[in-house]
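Comments concern the structure below.
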There are 2 protein chains.
Amino acid sequence: MSAVASTVSSTASTHALSPRLPAPALDIDAVAAHVPVLRRRLLAGQHLFRAGQPFRALYFVHAGFLRTSLVTSDGREQVTGFSMRGDLLGAESIGSATHVNDVVALDTCEIVELPYPAVLAACLAVPQLHGALMQALATELRRDRSWMLAIGTLSAERRVAGFLLDLAERYKALGFSASHFVLRMSRVDIGNFLALKHETVTRALSHLAATGLIEVDRREIRIRSTSQLEALACGCGDEARAA
Amino acid sequence: MSAVASTVSSTASTHALSPRLPAPALDIDAVAAHVPVLRRRLLAGQHLFRAGQPFRALYFVHAGFLRTSLVTSDGREQVTGFSMRGDLLGAESIGSATHVNDVVALDTCEIVELPYPAVLAACLAVPQLHGALMQALATELRRDRSWMLAIGTLSAERRVAGFLLDLAERYKALGFSASHFVLRMSRVDIGNFLALKHETVTRALSHLAATGLIEVDRREIRIRSTSQLEALACGCGDEARAA
DNA sequence: CGTGAACTTGAGTCTCCTCAAGAACTGTGG
DNA sequence: CCACAGTTCTTGAGGAGACTCAAGTTCACG
């Protein structure tokens, strides 16, 4: 693999929902120096792992886009997040014999597999790694809670606005445009993640487009006014009402 | 303090929402042997810490009951969890200079303070501690996601049912009755946690009582039929419809 | 016994969901 | 290159669940 100095959980916490966080300094190459890493390639639709499979490794996203979800025996499903380059996957299964959720590629992905026992061992050898890993988990926790906040306190349209801003910020952190990007997930996925129905997501997007804050062309999104979108997403009255 | 071999995050993941998890084996006494612990006593209404205060330690609940919440600058609030004996607090602030949320006692509490740098150092000296701490964080992650699932996929009454079952299970794990307990938090707190209004929580409780699954007397809860409550909470059609 | 907080209950409203139909795009095979 | 099916997305109409507003009750505490 080329020398990509990616960072784990480079994404800060959810946009506009809690204090911004610096990217933890876990260098995947530093890990690779101590852990026998494997590379895996996934095509869109393939699973990285499924709930119930034995937990043996953490995964680092080198390229691509994935969806993590929880499925219950009675068929309910909850998308708990979307991952892109630099994100860590599988951490929630630490301490469990099996994976607790499903991760599926939404795109062609390149994944670095980090066998967990080896990672643990490496942590003892490299103290910084230990702290960095803890930090990665804590960052995950903060991110989840930011979304709990969004889902618990914002209307449908505001959740969608926040979702777009979060994506924008993450794309920006990876060097892509923050104002023009293509959604890799369906409306159903977005809705499931935000605790909304897909029709509601569509309506929210349509309405945001009608008010001129964004432009929508199927999965292509263009953000016209980040500031107004932010005002909407964080519920700060003024500009939000104007929209 | 008496020699209580408490475990961190002894509570399994949220009831009926995802696979049950074994309690991680982090013995607070083992930690105490390597870390200079401090004890703190809190009265109901006092804060253990607030968002913005410097992050310096993790906290272990030795007795009492606490509420964790996220507050935004525009006044929105999200309760992200309730903690009781054996739970770890402050983990979500690891890697952040300051605490990211508020923790307030709902009851008289006894808290063991574990200075974070010392905990990190102890992890290197005691490998098991390292794994146990990671596990505690992962358990938190699983718990949060189980609630995301509940909030995203269940109706108000089912969320409340799941909430009661979760509490029951946690009380049981601590050796208390799983079928008869007193809520330490207000309807407002429950509602905020479950993304509902307090009137809705009251109505859900009233209706559960009317159907005979529970008895409610202000904050005193008596569970009459755990199985029917479970059927309701996990959305498994049959018994749920009968109720 | 008075005050305030917490809880309960009702009535009306609104947001979001449900159901349904149609449009746009994708990939396949003729 | 076009027809076809399948999926995804859009939009509308109607309904249901949860919210809002409001009043009244109970309880805790001084």
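None of these values were measured; they are calculated from a predicted model. Chain letters run A, B, ... following the sequence lines, proteins first and then strands; every chain starts at 1.
- Aromatic ring orientation, Phe181(A) versus Tyr171(A): tilted (interplanar angle from 30° to 60°).
- Distance NZ (Lys197(A)) to C1' (dG17(D)): 13 Å, rounded to an integer number of Å.
- Under the 6.0 Å cut-off for aromatic ring centres, Phe49(A) and Tyr59(A) qualify, their centroids lying closer than that.
- Atom CG in Leu154(B) sits roughly 11 Å away from atom P in dA18(D) (whole-Å rounding).
- A salt bridge does not link Glu110(A) to Arg39(A): none of the charged nitrogens lies less than 4.0 Å from a carboxylate oxygen.
- Between His99(B) and Phe55(B), the two ring planes are perpendicular [angle over 60°; tilted spans 30° to 60°].
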What protein N or O atoms touch nucleotides 27-29 of chain C N or O atoms at under 3.5 angstrom, if any, and at what distances?
none

Name the pairs: protein N/O against N/O of nucleotides 6-11 of chain D, kept only if under 3.5 Å.
residue: dC9(D); atom: OP1; partner: Arg219(A); partner atom: NE; Å: 2.8
residue: dC9(D); atom: OP1; partner: Arg219(A); partner atom: NH2; Å: 3.3
residue: dC9(D); atom: OP2; partner: Arg187(A); partner atom: N; Å: 2.9
residue: dT10(D); atom: OP1; partner: Arg187(A); partner atom: NH2; Å: 3.1
residue: dT10(D); atom: OP2; partner: Arg187(A); partner atom: NE; Å: 2.7
residue: dT10(D); atom: OP2; partner: Arg187(A); partner atom: NH2; Å: 3.1
residue: dT10(D); atom: OP2; partner: Thr202(A); partner atom: OG1; Å: 2.9
residue: dT11(D); atom: OP2; partner: Ser206(A); partner atom: OG; Å: 2.8

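- Between Phe193(B) and Phe82(B), a ring centre-to-centre spacing shorter than 6.0 Å is recorded.
- Taken to the nearest 0.5 Å, the CZ atom of Phe65(B) stands 8.0 Å off from the OG atom of Ser83(B).
- Salt-bridge check for Arg143(B) with Glu92(A): failed, with every basic side-chain N at 4.0 Å or more from each acidic carboxylate O.
- Between the CG atom of Leu43(B) and the P atom of dC29(D) there is a distance of 14 Å, given to the nearest Å.
- Nucleic acid contact for Ala195(B): sugar-phosphate only, since backbone atoms but no base atoms lie under 4.0 Å from a heavy atom of the residue.
- Atom CD in Glu220(A) sits about 12 Å away from atom P in dC25(C), given to the nearest Å.
- In this structure, His207(A) atom NE2 and dT15(C) atom C1' are separated by 13 Å, rounded to whole Å.
- When the C1' atom of dC14(C) is taken as reference, atom CD of Glu157(A) falls 15 Å away, rounded to whole Å.
- Between the CG atom of Asn192(B) and the P atom of dA6(C) there is a distance of 14 Å, given to the nearest Å.
- The pair Arg224(B)-Glu215(B) counts as a salt bridge, with a side-chain nitrogen and a carboxylate oxygen less than 4.0 angstrom apart.
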